[in-house]
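What you see is a predicted model, and the numbers here were worked out from it, not measured in a lab.
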Amino acid sequence: MNYFAGVAVPVFSLRSDESFGIGEFNDLKKLADWCVMTGLKLIQILPVNDTTTDGGWNDSYPYKSISTKALHPIYLNLEKVGVLKDENERRRFNEMKKELNAKEFVDYPEVFKAKMEYLEKIFRQTNVETCSGTSQQFYDFLQYHCDKQLTEAVDYLHSKGIMLKGDLPIGVNRESDDVRQNPRLFNLDMETGAPPDAFAAEGQNWGFPTYNWDEMAKDDFAWWRGRVKWFERYFDALRIDHILGFFRIWEIPKGSPNASFGHYSPTDPIRWETEGRNRLSKVFGNSKLLICGEDLGMVAPCVPGVMRELGILSLEVQRMPKNSGRPFSDPRENPYLSVDTTGTHDMPTIRGWWEENRELSARFYHEMLHHTDNPPYFCEPYICKEIIEQHLKSASQWVIIPIQDYIAMDGDFRWDCTWEEQINKPADPNHKWKYRMHQSLEQLLDNKRLNKTISSLTQKRQSKT
């Protein structure tokens, strides 16, 4: 059996000297160089579909796509699209670039505003002789360059032996092209979410319309199969966000005060296994992608068996054991057909988790790391290394660690602002998706000590093959 390791980081979180206040498709190349240096074989990202509605903070939510087949132009490298002829304009945008690139976080509205202004100027500059340029032509222009730059990055990754793993959101924006063009496929009087749990006491309402699966089945799930085909253009592997939604979804009547007013659909648990197997096999059965499911939370008993039957990798998180009788799972006991990770974008980093519950982290320190002394107040670099080393000994086919946790092994290099490294806070409906690496990719590539540490750990994992 083969054992691999990878890194998880949103594109928007990448920081480089070349980008414009936000990570870009082009930055994936430098990240791939780092992966080669450290023995990592895969880069996992969050959704990169276009989410643009008004250019404000609500658009920073990467799971709220306005089109399942359009990329977000905010990830474009401006100079690769074109160079402004006006010297004063070039100077003005260079100053904006310096200002936005110096910020600790992604200033989504300002970055979007500046980039769109630049791109519109390049578009007009390109079309000045023909005096043409409708809004549709401008959008086509953006999508052409998005496809070109992401494809170029993917080709570079493949030339280095690195896989790219995408993320398929369970829902789509109510105002999306998909809903407008196919309203019969959606229940527009309902909204998608999650029931109350440890993350959110009142549950979560994601605002997406739920799917009319009966209507979708009439053409053998053509809309879904088209989504998967689009992903195959760019990705080697795919994370199905909230795979439980293919079995049953938490459905909330539109206009409800909160998600606790919802219910499962279908309401009959006997139907869940049949529905899930049928939908997943029809949608993903012929895909060439490595399919992984995010199967955390309140999992119906039928889900693991169906996933194994269809060859869909499960997600294993040590601090969210699927055996409810244990506080932690042992990565060495994971099923082979799984992805092991220290945490997801919805969870605190290793260091954040350590500080969140002192009693729990002390128990982990003694029971899982086998120390006999009192645990340190903070998650020291040596503890982070021990945790990651434990994960890299996992029985899972893949171990994919968030980049923040890899970096946490170097006390001189990691960021002091531990809690600012959490990408999403599910309990906060007004959360801004703004996390940006404190360290640039150039600095990461130059950090010989950290890179040597990671490389030695990944080599041990590969030797298990």
Side-chain angles (χ1 to χ4, degrees), residues 10-13 20-25 45-76 78 81 100 105-121 123 133-147 150 166-183 185-193 204-211 223 226-227 230 241-242 252 254-256 259 345-346 423-426 428-436:
V11 173
F12 63 78
S13 298
F20 202 101
I22 191 172
E24 300 172 349
F25 293 136
I45 61 176
L46 293 187
V48 288
N49 291 88
D50 193 357
T51 59
T52 306
T53 54
D54 59 9
W57 275 112
N58 285 338
D59 292 354
S60 71
Y61 179 30
Y63 287 88
K64 197 176 181 181
S65 63
I66 61 165
S67 172
T68 58
K69 297 181 180 178
L71 294 165
H72 204 316
I74 202 168
Y75 299 126
L76 285 173
L78 300 180
V81 175
L100 291 169
F105 302 102
V106 175
D107 187 339
Y108 185 97
E110 290 303 313
V111 169
F112 181 79
K113 179 181 176 182
K115 283 200 165 191
M116 293 307 291
E117 182 187 356
Y118 185 102
L119 291 165
E120 286 174 358
K121 288 180 181 295
F123 178 69
T134 64
S135 58
Q136 182 59 55
Q137 288 172 325
F138 177 56
Y139 196 72
D140 292 344
F141 168 82
L142 295 179
Q143 288 304 306
Y144 165 79
H145 284 283
C146 284
D147 174 75
L150 180 54
D167 195 316
L168 188 154
I170 188 62
V172 295
N173 194 323
R174 183 175 293 274
E175 306 302 322
S176 67
D177 289 339
D178 300 87
V179 174
R180 283 200 296 267
Q181 294 174 15
N182 307 281
L185 302 181
F186 302 89
N187 298 313
L188 299 177
D189 57 343
M190 293 291 174
E191 294 180 321
T192 311
Q204 301 174 50
N205 187 337
W206 303 324
F208 313 130
T210 59
Y211 295 118
W223 180 81
R227 282 188 82 179
W230 181 86
D241 169 52
H242 195 66
I252 309 155
K254 188 180 178 185
S256 297
H345 62 274
D346 287 328
I423 295 167
N424 180 37
K425 298 176 182 176
D428 181 4
N430 299 313
H431 175 73
K432 297 175 180 177
W433 295 67
K434 62 179 184 175
Y435 166 67
R436 195 162 181 230

Note, L168 side chain near R227 side chain (heavy atom, < 4.5 Å): yes
Candidate pair V11 and L46, rule side chain to side chain contact (heavy atoms under 4.5 Å, CB included), full reasoning: CA-CA 7 Å; V11 173; L46 293 187; over 6 Å; no
Only counting residues at least two apart or in another chain, list the ones meeting side-chain contact (heavy atoms from CB on, under 4.5 Å) with N182. L185, F186, W223
Considering residues at least two apart in sequence or located in another chain, which fulfil the side-chain contact (heavy atoms from CB on, under 4.5 Å) criterion with E117? R92, F93, M96, K121
Minimum side-chain heavy-atom gap K434-D107 below 4.5 Å: no
Could you tell me if Y139 and D50 have a donor-acceptor pair between their side chains, going purely by distance under 3.5 Å? yes
Are any of the side-chain heavy atoms of I45 and F25 separated by less than 4.5 Å? no
Applying side chain to side chain contact (heavy atoms under 4.5 Å, CB included), run through V106 and F112 and close with a yes or a no. CA-CA 10 Å; V106 175; F112 181 79; over 6 Å; no
How far does CG of L76 sit from SG of C146, to the nearest 0.5 angstrom? 4.0 Å
S135 OG to F141 CZ distance, which is reported to the nearest 0.5 Å: 14.5 Å
D59: partners by salt bridge (charged side-chain N to carboxylate O under 4.0 Å, His left out), with sequence neighbours left out: none
Residues that T192 engages under side-chain contact (heavy atoms from CB on, under 4.5 Å), provided they are two or more places apart: W206, F208, T210, I249
Results of side-chain contact (heavy atoms from CB on, under 4.5 Å) for S60 - residues two or more places apart only: W57, Y108, W433
Does a side-chain heavy-atom distance below 4.5 Å link N205 with S256? no
For the aromatic rings, using the six-membered ring if either is Trp, is the centroid distance between Y63 and H345 under 6.0 Å? yes
In short, N424 meets D346 closest at the heavy-atom pair ND2-OD1, 2.6 Å
Counting C-beta onward and ignoring hydrogens, is there a side-chain heavy-atom pair between D167 and P47 closer than 4.5 Å? yes
Atom pair CD1/CG of I66 and D177 - distance to nearest 0.5 Å: 6.0 Å
Among all residues two or more places apart in sequence or in another chain, which pass the salt bridge (charged side-chain N to carboxylate O under 4.0 Å, His left out) test with D147? R233
Y61 side chain vs H431 backbone, donor-acceptor pair below 3.5 Å: no
Where is the tightest heavy-atom contact between G21 and V111, given as atom of each residue plus distance? O-CG2, 3.8 Å
Any heavy-atom pair between the side chains of L150 and Y75 that's under 4.5 Å? no
Taking S65 for the side chain and T68 for the main chain, is one N or O donor matched with an acceptor at less than 3.5 Å? no
Distance (rounded to the nearest 0.5 Å) between D178 CG and N49 CG: 9.0 Å
dist F123:CZ -> H145:NE2 (nearest 0.5 Å) comes out at 10.0 Å
Is there a donor-acceptor pair under 3.5 Å between the side chain of T51 and the backbone N or O of P62? no
Whether the side chain of R180 engages the backbone of E175 through a donor-acceptor N/O pair (distance < 3.5 Å, no angle test) should be reported. yes
Among T53, T52, V179, find the residue that satisfies the side chain to side chain contact (heavy atoms under 4.5 Å, CB included) test when tested with N173. T53
Are Q181 and S67 side-chain neighbours, meaning at least one heavy-atom pair lies under 4.5 Å? no
Here the gap from K115 atom NZ to H72 atom NE2, rounded to the nearest 0.5 Å, amounts to 10.0 Å
